[in-house]
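Numbered from 1 within each chain, the chains take letters A, B, ... in sequence-line order.
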Amino acid sequence: MTIQIPRGTYDVLPEDAVKWQKIEAIAREICALFNYKEIRTPIFESTDLFQRGVGDTTDIVQKEMYSFKDRGDRDLTLRPEGTASVVRAYVEHKLYGAPNQPQKLYYIGPMFRYERPQAGRNRQFTQFGCEVLGSADPSIDAEVIALALSFYRKIGLKKLKLVLNSLGDPESRKAHREALIAHFKPSIGEFCEDCQNRLEKNPLRILDCKEDHNHPLMVSAPSIVDYLNEASHDYFEKVKAILDGMGIDYELDPTLVRGLDYYNHTTFEIMGASQGAITTLMGGGRYNGLVSELGGPETPGIGFALSIERLLLALEVEKIELDADALLDCFVVAIGDPAEQKAPVLLNQLRQAGLRADKDYMARKVKGQFKQADRERARFVIVIGDEELDAQKAVVKNMADGTQENIAFDELTNYLKEKL
RNA sequence: GCGGUUAUGGUGAAGUGGUUAACACACCGGAUUGUGGUUCCGGCAUGCGUGGGUUCGAUCCCCACUAACCGCCCCA
């Protein structure tokens with residue numbers, strides 16, 4: 001049997017690669033606008049990094065990591081997300097000491113999670129993410145959200161919903177956590193197995209459970225908003241006020257918990273149009289304890305990550321076409337042996353002059369060569385045959401209007417450049 | 001990790017336990033001795049996901065495997 005692509009992966013063929021290029025270009029453009037700088041980190045890291053950074057109780061660490069030992073017996077893992085790596089690099093290169101603070105960073109690259117594939121969920125997928133390290137200013141929270149929305153808007157997506165929540169600072173979280181345990185403990189037996197395990201480890205995530213979503217205790221569960229201390233409450237109010245000022249609509253959802261352990265204060269998601277069950281396009285939040293957790297100084301941080309794959313699905317649902325029209329400037333049609341000898345030479349001259357040019361390589365007849373030129377959306381066709389070689393002139397046909405002219409060989413590039 | 005559906009050419013898809021596997025699109029060629037997007041005509045699966053089994057015989061029946069899609073869990 002022929003070898004197949006690994007499960008949960010996919011090839012981006014030329015037709016789609018154009019879309020990827022366009023999306024990536026827009027991401028970089030938006031980041032430049034907001035003054036975010038690119039950072040590139042390795043695709044694998046020490047397994048410890050994710051265990052400590054992402055959190056031992058998360059599904060990602062418990063069952064989704066692509067981990068392996070290398071020949072030097074090191075425990076390594078294909079990165080399941082980008083934040084831990086960025087923070088590791090920030091600490092390792094002491095970027096907290098750099099003069100330009102905060103560090104506003106972005107990345108685009110593949111991530112890996114061992115999951116059951118489905119539309120919008122793959123084992124290798126691509127994230128565009130931003131991280132801001134070193135600032136606890138609420139305007140940064142709003143800026144990061146505004147950046148993501150600007151990106152989607154520039155791409156052309158319309159059906160977007162921003163969902164917002166605050167998990168508060170550690171003190172608030174602790175108070176909430178205790179209230180949650182007190183609330184659920186007496187009747188925890190009525191909940192699913194996962195929730196029973198979550199009770200002591202991370203009761204917050206019980207709220208995230210879909211299975212027991214309709215349980216009366218779920219509805220009456222203590223909400224984080226009632227446990228935010230004054231500082232946390234004020235912070236969240238400021239973030240909301242800035243978003244209001246920017247004219248950004250959002251929906252508050254006190255059950256928006258997010259799956260990674262490092263989040264506190266502001267958390268957010270952007271939902272989009274989708275055919276299936278998966279609607280989350282982007283997720284993020286503040287993680288003020290993560291830098292110190294990974295061995296750096298006490299440093300605030302915030303970031304988001306969004307999936308290019310899901311973005312493409314949303315584009316499909318909204319029926320938005322992204323294709324850049326990559327036209328060919330000219331196509332050389334050769335008739336007869338002498339012309340076929342001449343064609344590659346002529347082609348080379350055209351290309352050296354900066355014209356996007358191609359010819360037939362399938363021994364097609366004249367008609368077939370024209371069809372090929374048409375398929376490639378060539379704007380001009382240059383026809384050469386015995387007569388043209390004798391006269392040192394080519395027939396140049398404008399494919400848009402069908403007109404054609406005789407142009408001397410040494411005038412060709414000038415003529416085309418003028419017309420294009 | 002669990003449950004469901006599916007698997008025929010480059011693509012979309014019909015189909016039958018028994019010599020040649022519909023049809024459409026795409027592609028190639030011809031009608032137009034050197035001209036595209038229209039029309040007409042012709043060509044185009046030694047093969048029906050992979051591996052076994054049942055059978056005189058299997059693309060069609062059975063089993064396993066693999067993969068895709070959908071749902072659950074969770075997430076981007």
Side-chain angles (χ1 to χ4, degrees), chain A residues 1-10 13 54 57-64 79-83 108-129 148 192-195 197-198 205 208-213 256-260 269-272 274-284 303-314 331-336 339 360 362-389 394-404:
Chain A
M1 198 171 101
T2 50
I3 295 169
Q4 290 182 322
I5 196 168
R7 182 151 207 217
T9 66
Y10 56 92
L13 301 178
V54 177
T57 66
T58 60
D59 281 5
I60 292 178
V61 170
Q62 284 183 351
K63 53 184 196 188
E64 294 174 4
R79 60 181 187 190
E81 57 106 49
T83 305
I108 302 174
M111 304 295 163
F112 305 84
R113 291 184 199 170
Y114 190 90
E115 294 199 87
R116 193 77 179 261
Q118 193 176 316
R121 180 200 277 154
N122 308 288
R123 290 185 173 179
Q124 174 174 336
F125 60 103
T126 312
Q127 285 189 336
F128 160 42
C192 71
E193 203 178 311
D194 282 339
C195 286
N197 291 328
R198 286 168 181 151
R205 292 202 47 220
D208 219 13
C209 181
K210 303 290 186 292
E211 202 165 322
D212 297 320
H213 202 258
L256 177 65
V257 166
R258 309 223 21 86
L260 285 66
E269 275 187 17
I270 292 176
M271 327 281 270
S274 155
Q275 305 130 312
I278 292 168
T279 55
T280 303
L281 295 179
M282 167 274 208
F304 72 79
L306 62 86
S307 150
I308 309 285
E309 287 80 0
R310 290 188 183 176
L311 167 57
L312 287 166
L313 286 176
F331 191 94
V332 177
V333 169
I335 303 155
D360 167 67
M362 299 301 290
R364 290 187 181 91
K365 302 287 194 290
V366 177
K367 183 180 174 136
Q369 293 189 50
F370 268 86
K371 282 191 83 163
Q372 177 66 8
D374 200 48
R375 271 194 292 265
E376 298 285 352
R377 293 195 285 171
R379 295 181 60 189
F380 290 90
V381 165
I382 297 166
V383 185
I384 53 173
D386 293 343
E387 293 169 31
E388 287 76 15
L389 288 179
V395 172
V396 178
K397 177 169 183 174
N398 182 330
M399 294 296 272
D401 58 23
T403 59
Q404 49 187 55

Evaluation steps, side chain to side chain contact (heavy atoms under 4.5 Å, CB included), between Ile384(A) and Ile335(A):
CA-CA 6 Å; Ile384(A) 53 173; Ile335(A) 303 155; over 6 Å; no
Expressed in whole Å, how much space separates the C1' atoms belonging to U39(B) and U50(B)?
44 Å
For U46(B) versus U19(B), give the span between their C1' atoms, rounded off to a whole number of Å.
14 Å
Rounded distance (Å) that lies between atom C1' of C72(B) and atom CG of Asp59(A)
13 Å
P atoms of C62(B) and U55(B), separation to the nearest Å
16 Å
Please give the distance between the C1' atoms of G53(B) and C60(B) as a whole number of Å.
16 Å
Base, sugar-phosphate alone, or nothing: which one does Ala305(A) contact when heavy atoms must sit under 4.0 Å apart?
sugar-phosphate
Check nucleotides 3-7 of chain B against the protein and report each pair of N or O atoms closer than 3.5 Å, with its distance, or say if there are none.
none

Rounded interatomic separation in angstrom, taking CD from Glu115(A) and C1' from C72(B):
13 Å
note: Asn122(A), atom CG; A67(B), atom P; distance rounded to Å ~ 14 Å
Look at all strands and tell whether Gly120(A) reaches a base, only sugar-phosphate, or nothing, counting heavy atoms closer than 4.0 Å.
base
Side chain of Arg113(A), base of A76(B): donor and acceptor closer than 3.5 Å?
yes
Regarding Ser307(A) and Gln127(A), is there a side-chain donor-to-acceptor distance under 3.5 Å anywhere?
no
Any side-chain heavy-atom pair of Gln404(A) and Val396(A) under 4.5 Å
no
I need the CG-P distance between Leu256(A) and C74(B), as an integer number of Å.
14 Å
C1' atom, A76(B) versus C2(B): distance in rounded Å?
22 Å
For a quick check of understanding: with a heavy-atom distance under 4.0 Å over all strands, which category does Gly8(A) fall into, base, sugar-phosphate or nothing?
sugar-phosphate
Suppose you measure atom P in U59(B) against the same atom in G51(B); what distance do you get, rounded to whole Å?
12 Å
Would a 4.5 Å heavy-atom cut-off, applied to side chains only, mark Tyr114(A) and Lys63(A) as touching?
no
Looking only at side-chain atoms of Pro117(A), point me to the closest of C70(B), A68(B), C28(B).
A68(B)
Check whether any side-chain heavy atom of Pro80(A) sits under 4.5 Å from a side-chain heavy atom of Glu64(A), and report yes or no.
no
Atom NZ in Lys371(A), atom CD in Glu376(A): separation rounded to 0.5 Å?
13.5 Å
Please name the pair of heavy atoms, one in Phe125(A) and one in Glu309(A), separated by the smallest distance, quoted to 0.1 Å.
CA-OE2, 3.2 Å
What does the B/S/- profile of nucleotides 31-40 of chain B look like, 5' to 3', with a 4.0 Å heavy-atom cutoff to protein?
B--BBBB---
Does Arg7(A) reach a base, just sugar-phosphate, or nothing at all? Heavy atoms under 4.0 Å.
sugar-phosphate
CA sep, side-chain torsions, deciding dist, call: Glu388(A), Val395(A), side chain to side chain contact (heavy atoms under 4.5 Å, CB included):
CA-CA 7 Å; Glu388(A) 287 76 15; Val395(A) 172; 3.4 Å; yes
Pair Gln372(A)-Arg364(A), side chain to side chain contact (heavy atoms under 4.5 Å, CB included): steps then yes or no
CA-CA 9 Å; Gln372(A) 177 66 8; Arg364(A) 290 187 181 91; 3.6 Å; yes
Could you spell out the base pairing of RNA chain B as a dot-bracket line? Use Watson-Crick and G-U wobble contacts where both distances are under 3.5 Å, [ ] for crossing pairs, | for partners on a different strand.
(((((((..(((.....[....))).(((((.......))))).....(((((..]....))))))))))))....
At their closest point, which heavy atom of Phe128(A) faces which heavy atom of Ile108(A), and how far apart are they?
CD1-CG1, 3.9 Å
So Ile5(A), base contact, sugar-phosphate only, or nothing? Heavy-atom distance under 4.0 Å.
nothing
So what does Phe128(A) hit on the nucleic acid, given a heavy-atom distance under 4.0 Å: a base, only sugar-phosphate, or nothing?
nothing
Dump the intermediate steps for side chain to side chain contact (heavy atoms under 4.5 Å, CB included) on Phe331(A) and Met399(A), then the final yes or no.
CA-CA 10 Å; Phe331(A) 191 94; Met399(A) 294 296 272; over 6 Å; no
Walking RNA chain B from its 5' end, the first of Arg364(A) and Phe125(A) to be reached, judged by nearest nucleotide, is Arg364(A)
In whole angstroms, the gap separating C1' of C74(B) from CD1 of Ile60(A) amounts to 9 Å
Using the rule given for side chain to side chain donor-acceptor pair (under 3.5 Å), can you reason through Gln124(A) versus Thr9(A), listing the C-alpha separation, both sets of side-chain angles and the distance that settles it, and then say yes or no?
CA-CA 6 Å; Gln124(A) 174 174 336; Thr9(A) 66; over 6 Å; no
What is the distance from CD of Gln124(A) to C1' of A76(B), rounded to the nearest Å?
13 Å
Starting from P on C75(B), measure out to CD on Glu269(A) and report it in whole angstrom.
8 Å
P gap between A64(B) and C28(B), integer Å
45 Å
Side chain to side chain, Arg7(A) and Pro117(A), heavy atoms closer than 4.5 Å:
yes
Glu64(A) CD to C73(B) C1', straight-line distance once rounded to whole Å
9 Å
Is the shortest side-chain heavy-atom distance between Gln118(A) and Arg116(A) below 4.5 Å?
no
Determine: side-chain N/O of Arg121(A) to OP1/OP2 of G71(B), distance under 4.0 Å, yes or no.
no
When you check the phosphate oxygens OP1 and OP2 of C27(B), does a side-chain N or O of Arg375(A) lie under 4.0 Å from one of them?
yes
In terms of the nearest nucleotide of RNA chain B, which residue is placed more toward the 5' end: Gly368(A) or Arg123(A)?
Gly368(A)
Between G49(B) and U66(B) - C1' atom distance, rounded Å:
8 Å
